Amino acid sequence: MAKGLILTYTLWAVGGPLGLHHLYLGRDSHALLWMLTLGGFGVGWAREFFRIPAYVSEANAEADGHRKRPRDAEPPPASSARFAGQVCVGIYFGTVALIGLSSLDFFYLIVLPLSVGAGVHLVSNVGSQTSDLQKTLTTCLITSPVFYGSSIAPLPISVAASFTAAQHRRFKTTQPPQPLGPRLFRLSLALLAFSAPLGYCIFHNTTATLYYISDCVASILDMFWFLPWLRSVLEFFLLLPYRMLCMLTGGIGYSEEAWKKVLETLLQHYTERERLALNVLSMNEEATPEEITLRYRELVKIWHPDHNSHQPLEAQKMFIKVQEAYETLLHRHRPRRKR
């Protein structure tokens, strides 16, 4: 069935940021990318206004079997827009993984590179092109240990993976159209896999999520210390979602004091992990950083294995618990010290 240009434009206008027009045209990878990034962070959706006629023509030619692929030996032409999209989406997927999955074992060695690689390959797979997934993931796995533990690790990993994907780009093989049901099922599984870790972290570990976002923003802005004007521009766009939230909720506009007050209110709530840390140190929620440090030093002296030769295993376990509890609470109070 031929795809209509007017209907495609209507879907683009109504649900473009959610990829409805791409779903209609059978471009499932593009639809999934738009669902996960809200239309390529808005930029890609706006850019498509001029590209929709070409998309419709490609979809109709594909359905009629008249679309001709260039020879396999000839790779698709390089695209700076696609490369930029690969880098940005790779960073985005890596950041989501850092927020929701950083507590997993071997995170920086396995989970983070696989997440970044998945984002880069998703962009590589948009439209008639694709790339070598295995080589892209291998590049991520090799690059990740170099930036082990860094909050900006997704950036270099994504750049390296994007270069690899661009070098091994190729055209997709033509496949017959598939029913809508199985396509929606696969898209739903992909959406669930992407959103579940992030949703769990946001709703059950709000404080840690805010801290990580704050650390990432601070790291990005610190990179441009030598260009104050560029730093100001970046800060403006990073706070743009909050300004838009004020407009949508009927707020009177952006207020620096209101923003700080919202953050302070959110940061007052202890997470379950922090409550357990307070119990280990026998402290209450009103304890100051100085009181926590003092209590930590007392317990370290009490439970040091050298001072408990009669019960070394129990002392070692408790000593580790005290250290982990102190690090958890120290991380909570560190942003306030910086301010």
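Atoms considered below: every heavy atom in the structure, side chains included; atoms not considered: hydrogens, waters and symmetry mates. All figures in this text were calculated on a predicted structure; none of them were measured in a lab.
With hydrogens and angles disregarded, a donor-acceptor distance shorter than 3.5 Å links the side chain of Asn284 to the backbone of Ala287. Side chain of Arg82 to main chain of Val123: a donor-acceptor pair is present (N/O by atom type, distance under 3.5 Å, no hydrogens or angles). Lys135 places no side-chain N or O within donor-acceptor distance of the main-chain N or O of Ala161, the cut-off being under 3.5 Å. For the pair Glu291 (side chain) and Thr288 (backbone), a donor-acceptor distance under 3.5 Å is present. With hydrogens and angles disregarded, no donor-acceptor distance shorter than 3.5 Å links the side chain of Ser309 to the backbone of Pro305.
For the residue pair Pro145 and Ile142, the shortest heavy atom distance occurs at CD-O, 3.4 Å. Across all their heavy atoms, Leu112 and Ile157 have their closest contact at CD2-CD1, 4.1 Å. The two residues Ala277 and Leu329 come nearest to each other via the heavy atoms CB-CG, 3.9 Å. Closest approach of Val87 and Ser158 over heavy atoms only: O-OG, 2.8 Å. The shortest non-hydrogen separation linking Lys172 to Asn125 is NZ-O, 2.6 Å. The shortest non-hydrogen separation linking Val120 to Gly90 is CG2-CA, 4.0 Å.
Taking CD1 from Ile52 and CG from Leu11, the interatomic distance works out to 9.0 Å, rounded to the nearest 0.5 Å. One distance of note links OG1 of Thr164 with CZ of Arg169; it measures 12.5 Å at 0.5 Å rounding. To the nearest 0.5 angstrom, Leu299 atom CG is 11.0 Å from Lys301 atom NZ. Atom-to-atom distance recorded for Cys140:SG and Ile110:CD1 is 13.5 Å, nearest 0.5 angstrom. In this structure, the separation between CG on Asn308 and CZ on Phe319 is 10.5 Å, given to the nearest 0.5 Å. The CD atom of Glu324 sits 11.5 Å away from the CG atom of Leu276 when rounded to the nearest 0.5 Å.
Hydrophobic cluster membership is shared by Phe41 and Leu32, with clusters built from Ile, Leu, Val, Met, Phe, Trp and Tyr side chains linked at under 4.5 angstrom. Residue Leu313 is not grouped with residue Met318 when hydrophobic side chains (ILVMFWY) are merged at heavy-atom distances under 4.5 angstrom, including chains of intermediate members. Leu122 and Leu191 fall within a single hydrophobic cluster, where Ile, Leu, Val, Met, Phe, Trp and Tyr are joined by side-chain heavy atoms under 4.5 Å apart, directly or via other members. Following chains of ILVMFWY side-chain contacts shorter than 4.5 Å, one can reach Leu281 starting from Ile302, so the two form part of one hydrophobic cluster. A single hydrophobic cluster is seen to contain both Leu109 and Leu137, as judged by linkage of ILVMFWY side chains at heavy-atom distances under 4.5 Å, directly or through other members.
With sequence neighbours excluded, no residue forms a ring pair (Phe, Tyr, Trp, His ring centres under 6.0 Å) with Trp303. The side chain to side chain donor-acceptor pair (under 3.5 Å) search around Arg297 returns none, not counting sequence neighbours. Scanning for ring pair (Phe, Tyr, Trp, His ring centres under 6.0 Å) contacts around Phe83 gives Phe163, with sequence neighbours left out. Among residues two or more places apart in sequence or in another chain, the salt bridge (Lys or Arg N to Asp or Glu O under 4.0 Å) test is passed with Glu298 by Arg295. For the side chain to side chain donor-acceptor pair (under 3.5 Å) test, no residue two or more places apart in sequence or in another chain qualifies with Ser144.
Separation of the His21 and Tyr9 ring centroids does not fall under the 6.0 Å cut-off.
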Please walk me through it: do Leu294 and Glu290 pass side-chain contact (heavy atoms from CB on, under 4.5 Å)? CA-CA 6 Å; Leu294 181 62; Glu290 291 74 18; over 6 Å; no
Between Leu36 and Phe93, does the side-chain contact (heavy atoms from CB on, under 4.5 Å) criterion hold? Intermediate values first, please. CA-CA 9 Å; Leu36 299 180; Phe93 273 50; 3.6 Å; yes
Could you go through Ser124 and Ser131, starting from their C-alpha distance and side-chain angles, then the distance that decides it, and tell me whether this counts as side-chain hydrogen bond (donor to acceptor under 3.5 Å, both in side chains)? CA-CA 6 Å; Ser124 304; Ser131 186; 4.8 Å; no
Would you mind writing out the side-chain donor-acceptor pairs for residues 1-8 within the sub-3.5 Å range, not counting sequence neighbours?
{"unit_1": "Lys3", "atom_1": "NZ", "unit_2": "Tyr24", "atom_2": "O", "d": "3.1"}
{"unit_1": "Thr8", "atom_1": "OG1", "unit_2": "Gly4", "atom_2": "O", "d": "2.7"}

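Between Tyr92 and Phe194, the ring-plane angle classifies as tilted under the 30° and 60° cut-offs.
Proximity of His304 to Gln316: side-chain heavy atoms (C-beta onward) are nowhere separated by under 4.5 Å. Between Val96 and Ser115, the closest side-chain pair of non-hydrogen atoms is not below 4.5 Å. In this structure, Leu18 and Leu38 have side chains that are in contact, with non-hydrogen atoms separated by less than 4.5 Å.
Within the structure, no pair that satisfies the salt bridge (Lys or Arg N to Asp or Glu O under 4.0 Å) test touches residues 14-24, not counting sequence neighbours. Residue pairs meeting the ring-ring contact (aromatic ring centres under 6.0 Å, His included) criterion with at least one member in residues 109-160, sequence neighbours excluded, are Tyr108-Tyr148. Sequence neighbours left out, not one pair with a member in residues 304-320 passes salt bridge (Lys or Arg N to Asp or Glu O under 4.0 Å). Legend: salt bridge (Lys or Arg N to Asp or Glu O under 4.0 Å) pairs involving residues 15-38, not counting sequence neighbours, sorted by first then second residue: Arg27-Glu58, Asp28-Arg183. Annotation: salt bridge (Lys or Arg N to Asp or Glu O under 4.0 Å) contacts involving residues 136-161, sequence neighbours excluded, are absent.
With Trp12 as reference, Phe49 is the one residue of Tyr55, Trp34, Phe49 to meet the ring pair (Phe, Tyr, Trp, His ring centres under 6.0 Å) rule.
Apart from Leu189 itself, the hydrophobic cluster it occupies contains Phe185, where clustering links Ile, Leu, Val, Met, Phe, Trp and Tyr at side-chain heavy-atom distances under 4.5 Å.
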